[in-house]
Amino acid sequence: MNIKHLNENLNTKYKVLHFDTIDSTNTYLKENHRKLPSNSIVVADMQTLGRGKNNSQWFSPSGGLYFSLLLKSSSPNNTILPIITGLAVANSLKKYSINCLLKWPNDIILENKKLGGILVESKLSNEYESYIVGVGLNLNSILPSYAIKDKFVSLSGIGRKIPSKEVLLSDIVNQISYIYENMNYSDIISDYKNYSILIGKTAYIVNYESDKTLIKVVDINSDGSLKIEYPDSNIIKNIYSGEFSIRGLEGYI
Ligand code: BTN
């Protein structure tokens, strides 16, 4: 990655730390958030222990985009930050005519497969909370064939290309800040819904113990939670990101 090129495109409030290889950009910020200012960005060309949701592994070969943004805030943001970040990524990719969709809360979907993911984590300090917003996108990555078969896609794998990783990264980060600082929840959610792949779908809700229950996705609420309905009982419930996963009837979507 060309850091000079990246800095030329980024708002000057951001400070970039670049690694050729790292275990995980999220882990780095979890361990070092106290000594780093808000708006620090850690970016790596490769990760050896890239992490996804629910302790899954995130394939991080060279060619992909892997970064984490540190945001220090005194207000709770756990539910809305994944939504904001998904919206920022979708808006940015659209500028390159990559029309991805979002699978609540924050999977980035292209051609019904997973192009990217977002992992928001938080660490409590005395007077503020450190939010670590991790983004992974399979751009020019060569993914293992079992991963492709299962649920993943990379841009190069379907003959698409992003002109510049640096411009994409800066655009995503600039958009996260713009949305976070200027938009209210209801506008964020209404923009997000334009990209949602789940609303109206029948799917399974899966808990930590891998128990599956059939549900219908009704809506995304103004606080970023997902409104679901149990078809047998017509009971409506709101679920929050991190609690459950949503799975399609025949696989990932
Ligand atoms: C998911 O969909 O499960 C979330 C994937 C998040 C991957 C990114 S890559 C950069 C950052 N560092 C990590 O270890 N994970 C996130």
Side-chain angles (χ1 to χ4, degrees), residues 1 6 14 16-33 36 40-71 78-79 81-90 92-93 100-110 112-123 130-141 143-144 147-148 150-155 162 165-166 168-170 172-173 176 195 197-198 206 208 210 226 241-248 251-253:
M1 171 155 297
L6 177 60
Y14 297 109
V16 178
L17 288 161
H18 170 257
F19 295 86
D20 294 334
T21 302
I22 196 171
D23 52 357
S24 149
T25 55
N26 263 41
T27 305
Y28 183 90
L29 280 181
K30 272 177 113 171
E31 287 167 357
N32 296 288
H33 68 103
L36 291 169
S40 296
I41 296 172
V42 180
V43 59
D45 299 335
M46 273 193 273
Q47 298 183 118
T48 52
L49 288 170
R51 295 185 291 110
K53 282 182 300 248
N54 309 325
N55 290 325
S56 62
Q57 176 197 359
W58 185 257
F59 299 111
S60 311
S62 73
L65 176 62
Y66 317 105
F67 73 89
S68 303
L69 167 69
L70 177 64
L71 293 173
N78 260 339
T79 312
L81 262 179
I83 300 279
I84 289 177
T85 310
L87 178 59
V89 171
S92 301
L93 287 171
C100 69
L101 293 169
L102 298 170
K103 177 165 175 275
W104 182 93
N106 45 23
D107 288 357
I108 319 292
I109 308 297
L110 192 65
N112 283 328
K113 289 195 170 181
K114 188 158 166 171
L115 178 72
I118 292 161
L119 182 65
V120 178
E121 300 182 288
S122 57
K123 286 291 248 182
S130 285
Y131 290 96
I132 295 149
V133 180
V135 177
L137 287 171
N138 305 323
L139 303 179
N140 301 319
S141 341
L143 300 171
I148 295 170
D150 212 23
K151 66 170 185 181
F152 293 94
V153 67
S154 71
L155 280 188
I162 287 279
K165 207 152 101 163
E166 291 82 359
L168 179 67
L169 193 167
S170 44
I172 293 172
V173 169
I176 293 174
Y195 293 110
I197 202 169
L198 283 184
V206 186
Y208 284 125
S210 302
L226 191 74
S241 66
E243 282 179 317
F244 299 98
S245 320
I246 306 291
R247 284 282 166 269
Y252 172 56
I253 292 194

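All ligand and atom numbering here is 1-based and tracks the order in the structure.
A distance of 6.0 Å or more separates the ring centres of F244 and W104.
With a 4.0 Å cut-off on non-hydrogen atoms, V135 touches ligand 1 through its backbone and not its side chain. Contacts of I118 with ligand 1, taken as heavy-atom pairs under 4.0 Å, involve the backbone alone. Within the 4.0 Å heavy-atom criterion, the part of S68 lying near ligand 1 is the side chain and not the backbone.
Numbered from 1 in the order shown, with element, the atoms of ligand 1 that lie under 4.0 Å from a heavy atom of S24 read 12 (N), 13 (C), 14 (O). When each atom of ligand 1 is checked for a heavy atom of G52 under 4.0 Å away, the hits are 1 (C), 3 (O), 4 (C), 5 (C). Listed by number with element, the atoms of ligand 1 under 4.0 Å from a non-hydrogen atom of G50 are 14 (O). Each of the atoms 10 (C), 11 (C), 12 (N) of ligand 1 lies under 4.0 Å from some heavy atom of T25. Near F67, meaning under 4.0 Å from one of its heavy atoms, ligand 1 places the atoms 10 (C).
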Please walk me through it: do I118 and I108 pass side-chain contact (heavy atoms from CB on, under 4.5 Å)? CA-CA 8 Å; I118 292 161; I108 319 292; 3.9 Å; yes
Chi angles and distances behind the side-chain contact (heavy atoms from CB on, under 4.5 Å) call for L115, L155: CA-CA 7 Å; L115 178 72; L155 280 188; 4.0 Å; yes
Go through it in stages, so that I can follow the logic: the residues are L69 and T85, the test is side-chain contact (heavy atoms from CB on, under 4.5 Å), and I'd like the CA-CA distance, side-chain angles, deciding distance and then a yes or no. CA-CA 10 Å; L69 167 69; T85 310; over 6 Å; no
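Considering backbone and side-chain atoms together, Y66 places no N or O closer than 3.5 Å to any N or O of ligand 1.
No side-chain heavy atom of F59 sits under 4.5 Å from any side-chain heavy atom of S141.
One side chain, S68 or N26, offers a donor N or O that lies under 3.5 Å from an acceptor on the other. Residues K53 and N106 bring a donor and an acceptor atom of their side chains to less than 3.5 Å of each other.
Remark: K114 NZ to S154 OG distance equals 14.5 Å, nearest 0.5 Å.
For atom 5 (C) of ligand 1, the closest non-hydrogen atom on the protein side is W58 CE3, 3.5 Å. Atom 3 (O) of ligand 1 has its closest protein heavy atom at K53 N, 2.7 Å.
Of the candidates R51, Q47, K114, Q57, it is K114 that places a heavy atom closest to atom 1 (C) of ligand 1.
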